[in-house]
Amino acid sequence: MNLGVFNTKGLKLKNILIGNEIDRLANLVDYKIVDTDFDSRFDNLVEMASAHFGVPIALVSLVDADRQWFKAMAGLDMRQTPRSHSFCAHAIMRPDEVMVVEDARTDPRFRDNPLVNAYPDFCFYAGAPIVTESGAALGTVCVIDRVPRSFSPADRAMLTRFAASALSLLELHRRLELQRDVASLDPLTGLLNRHGLETALDRVISPTLSGEGCGLLYLDLDHFKVVNDNFGHAIGDRLLEEMARRLLGAVRHGDLVSRFGGDEFVILLAHPVDATALELVAQRLLGTCRAPVAIHGHAIKVGITIGGALAPRDAITQSDLVHAAYGAMRSAKRAGCGRLGIAGNDNLQPPHANSSRPEIALSDAIDRDELFLEWQSCQDIATGAISGYEALVRWRHPDLGILAPDRFVPLAEACGLSARLDAWVMVRACAEAAACRGDYYFSVNISAQWIANRNVVSMTRAALEQSGLDPRRLVLEITETTAIGDEACAIAHIRQLKAMGVRMALDDFGTGYSALVCLQTYPFDMLKLDRKFVAAVDADARGRLVGEGVVKLANLLGTEVVAEGIETRAQAEALHAIGCRRGQGFLWARAQCAPWLESLQANAGAGQ
Ligand code: C2E
Ligand code: MG
Ligand code: MG
């Protein structure tokens with residue numbers, strides 16, 4: 001660490017100062033402030049300081065080990081500088097004084113400083129240290145000008161008051177952080193509580209989409225009630241504390257152990273894990289917890305039963321993952337205590353047995369890569385030019401051949417697999433779409449249930465980031481069914497997705513599910529007329545009038561209309577006549593595997 005103030009003779013002084021510096025840095029860490037977000041309370045403080053002293057720049061600067069980091073800046077667009085450039089690093093050496101540099105260009109300490117002889121051209125500096133009650137100077141509130149200035153005693157007194165206000169804000173920040181920690185901790189064992197674990201899981205689960213799985217173990221103490229009843233709650237509590245200690249000792253650094261409630265613990269294995277690693281950790285935990293616990297002369301022997309689940313293999317949402325691990329634990333308990341159950345292990349049945357459990361087969365199909373996408377083009381009705389493509393999922397079933405989505409999408413929705421299916425489609429569709437060089441949009445169908453799921457936004461973002469697809473090229477199609485779930489959540493998610501640039505389409509309009517009320521409730525960008533509706537437009541005058549009305553209404557709402565299932569030239573002409581500009585259907589193309597990927601492969605092949 002370069003403190004830059006010592007000479008070689010003053011070794012004793014140096015040791016004292018280094019001791020102080022360590023103490024000072026420990027104090028700074030304690031405030032949990034460095035690298036936090038902007039905070040309007042600090043922003044206001046620097047704005048006021050800048051206005052009060054009539055200077056272009058005011059900062060709350062915190063001096064870290066090797067840099068100064070700005071909690072708030074007025075008039076400066078840097079968040080940090082090396083500590084060796086920092087004026088404040090000098091100011092904090094005298095915690096009870098305001099350091100004033102009237103003209104840095106003539107001051108030997110600063111005239112060669114890059115902040116002085118290049119942008120941002122510091123010239124005048126005044127910094128009042130922010131000093132904690134224990135005497136540690138964490139940084140300063142400083143004001144800076146690009147021309148020389150003087151600073152009166154009254155100015156110094158005022159700047160000191162600004163520094164005192166900054167300290168109050170730091171204290172407030174620390175208290176709020178502390179409260180947040182306490183809300184996440186179990187007071188008995190000091191482990192994370194349920195809330196703490198769920199918060200951590202939320203952060204971990206969306207990156208698992210990129211293939212780096214995480215694992216969850218749900219542990220339940222066997223016969224804990226008997227211990228409580230026979231030995232009393234005080235001993236029961238000691239037992240829980242001891243178990244917490246053992247669990248902590250048996251997992252890797254970075255894994256999170258939580259007490260979920262009562263005698264249940266949940267462990268999140270946050271580093272990438274596979275089924276083998278999950279089982280290995282669980283077996284180690286079973287062994288550790290089996291040994292008797294000595295409390296007040298009693299040797300108490302309890303064991304644990306564990307259920308394990310993996311994301312994204314068994315679930316892709318936080319609550320589904322906990323649920324899957326819990327379910328595995330319950331089945332293990334039914335088979336006898338002290339065991340390990342792994343989610344989905346019943347699946348290890350011969351393939352024919354799966355036909356009686358289609359949802360298991362579907363879950364396996366995702367793992368085994370039996371699903372694939374076809375794309376159907378969407379064109380300008382007048383010219384036939386392609387404007388976009390819609391991804392349609394298919395299942396290459398080992399016994400039944402290629403299955404259309406109508407055969408398995410409803411099944412996925414019925415047995416809680418739709419989020420997994422939709423996430424798979426989203427990731428695959430974005431990856432395939434990103435490989436397309438043409439200027440098209442790409443539609444992905446998602447189930448109405450998923451749009452209300454709290455992971456939909458983060459998963460879409462992850463799929464976009466992972467693939468590099470421009471969000472403005474993605475359209476999400478939803479068919480409104482009775483099961484859209486929480487309307488307020490769905491609307492909030494649609495808004496967030498739209499803010500990212502993703503467009504939203506209401507699919508199958510005219511089928512009875514997707515009704516006018518949906519257009520009113522949700523801010524859709526696109527309306528897809530169902531093929532039954534399209535057929536009606538071509539059938540008679542009445543159908544045409546209804547069609548014309550819908551297209552006009554959509555135009556008024558600024559919603560684009562795409563007609564689906566156009567099979568004949570007459571249908572295309574009828575739609576064009578009522579003002580519908582875009583269409584999709586067998587008239588132009590059936591769905592096929594991404595044509596742009598085939599041409600890429602063909603080119604690669606030709607190049608070999
Ligand atoms: P959709 O989104 O309305 O997709 C259009 C369906 O109409 C597709 O059937 C397409 O092949 C079919 N189609 C297109 N042009 C014509 C035509 O000219 N004539 C006729 N008769 N049919 C045409 P597909 O692929 O069987 O999909 C059926 C539905 O399954 C889709 O309707 C969509 O609601 C759902 N689906 C498809 N892929 C996915 C997916 O990845 N996730 C979800 N959640 N649902 C999907
Ligand atoms: Mg669709
Ligand atoms: Mg449709």
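For reference, positions follow the sequence shown, starting with 1. Atoms within a ligand are numbered from 1 in the order they appear, just like the ligands themselves.
- Backbone and side-chain nitrogen or oxygen atoms of R394 are examined, and one is located within less than 3.5 angstrom of a nitrogen or oxygen of ligand 1.
- The closest approach between Q584 and ligand 1 stays at or above 4.0 Å for every heavy atom of the residue.
- Here is the list of ligand 1 atoms found below 4.0 Å of a heavy atom in D406: 28 (C), 29 (C), 30 (O).
- Contacts with ligand 1 closer than 4.0 Å are made by side-chain heavy atoms of D508 only, the backbone lying farther away.
- Atom CG of D507 is separated from atom CD1 of I478 by 9.5 Å, given to the nearest 0.5 angstrom.
- Applying the ring pair (Phe, Tyr, Trp, His ring centres under 6.0 Å) criterion to F265, with sequence neighbours excluded, gives no partner residue.
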Listed pairs under 3.5 Å, donor-acceptor, residues 573-582 side chains, sequence neighbours left out:
| from | atom 1 | to | atom 2 | distance (Å) |
| --- | --- | --- | --- | --- |
| H576 | NE2 | R581 | NH1 | 3.4 |
| R582 | NE | S387 | OG | 3.4 |
| R582 | NE | E560 | OE2 | 3.3 |
| R582 | NH1 | E560 | OE2 | 2.4 |

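- Side-chain contact of Q379 with Q584: a donor-acceptor pair under 3.5 Å is absent, judged by distance alone.
- At a heavy-atom distance under 4.0 Å, atoms from both the backbone and the side chain of N445 approach ligand 1.
- Nearest N/O/S atom of E390 with respect to the Mg ion (ligand 2) is recorded as OE2.
- Listed by number with element, the atoms of ligand 1 under 4.0 Å from a non-hydrogen atom of Q376 are 14 (C), 15 (N).
- Y440 has its side chain out of reach of S377: every pair of non-hydrogen atoms, C-beta onward, lies at least 4.5 Å apart.
- Counting heavy atoms under 4.0 Å from ligand 1, residue D507 touches it through the side chain alone.
- Within a 6.0 Å radius of CZ in R472, other residues, nucleotides and ligands contribute 12 heavy atoms or fewer.
- With a 4.0 Å heavy-atom cut-off, ligand 1 is reached by the side chain of D422 but not by its N, CA, C or O.
- When each atom of ligand 1 is checked for a heavy atom of E564 under 4.0 Å away, the hits are 1 (P), 3 (O), 4 (O), 5 (C).
- Residue F586 has at least one nitrogen or oxygen atom sitting less than 3.5 Å from a nitrogen or oxygen atom of ligand 1, judged on distance alone.
- In the displayed structure, D369 atom CG is contacted under 6.0 Å by more than 12 heavy atoms of other residues, nucleotides or ligands.
- Annotation for ligand 1: atoms under 4.0 Å from non-hydrogen atoms of V425 are 41 (O).
- Ligand 1 has E390 within reach: a non-hydrogen atom of the residue lies less than 4.0 Å from it.
- Listed by atom number, the atoms of ligand 1 under 4.0 Å from E567 heavy atoms are 17 (C), 18 (O), 19 (N), 20 (C), 21 (N).
- Of all atoms in ligand 1, numbered sequentially from 1 with element shown, those under 4.0 Å from a heavy atom of G585 are 15 (N), 18 (O).
- Heavy atoms from other residues, nucleotides or ligands lying under 6.0 Å from CZ of R252 number 12 at most.
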ring-ring contact (aromatic ring centres under 6.0 Å, His included) between F442 and W375, intermediate numbers included: CA-CA 9 Å; F442 299 92; W375 296 84; 5.6 Å; yes
Decide ring-ring contact (aromatic ring centres under 6.0 Å, His included) for F372 and W395; before the verdict, give the C-alpha distance in whole Å, the side-chain angles of both, and the deciding distance to 0.1 Å. CA-CA 6 Å; F372 67 100; W395 178 4; over 10 Å; no
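- Minimum interatomic distance between V534 and L529 (heavy atoms only, all atoms of both residues): CG2-O, 4.1 Å.
- Contact annotation: S447 has at least one heavy atom less than 4.0 Å from an atom of ligand 1.
- Residue V393 places at least one N or O, backbone or side chain, under 3.5 Å from an N or O of ligand 1.
- Counting heavy atoms from C-beta on, the side chains of R394 and P405 come closer than 4.5 Å.
- Judged as a side chain to side chain contact (heavy atoms under 4.5 Å, CB included), and not counting sequence neighbours, the contacts of R461 are V457, E465, M500.
- The Mg ion (ligand 3) has D507 OD1, D508 OD1, E564 OE1, E564 OE2 as protein N, O or S atoms under 2.8 Å away.
- Under 3.5 Å, the side chains of Y218 and E264 contain a donor-acceptor pair of N or O atoms.
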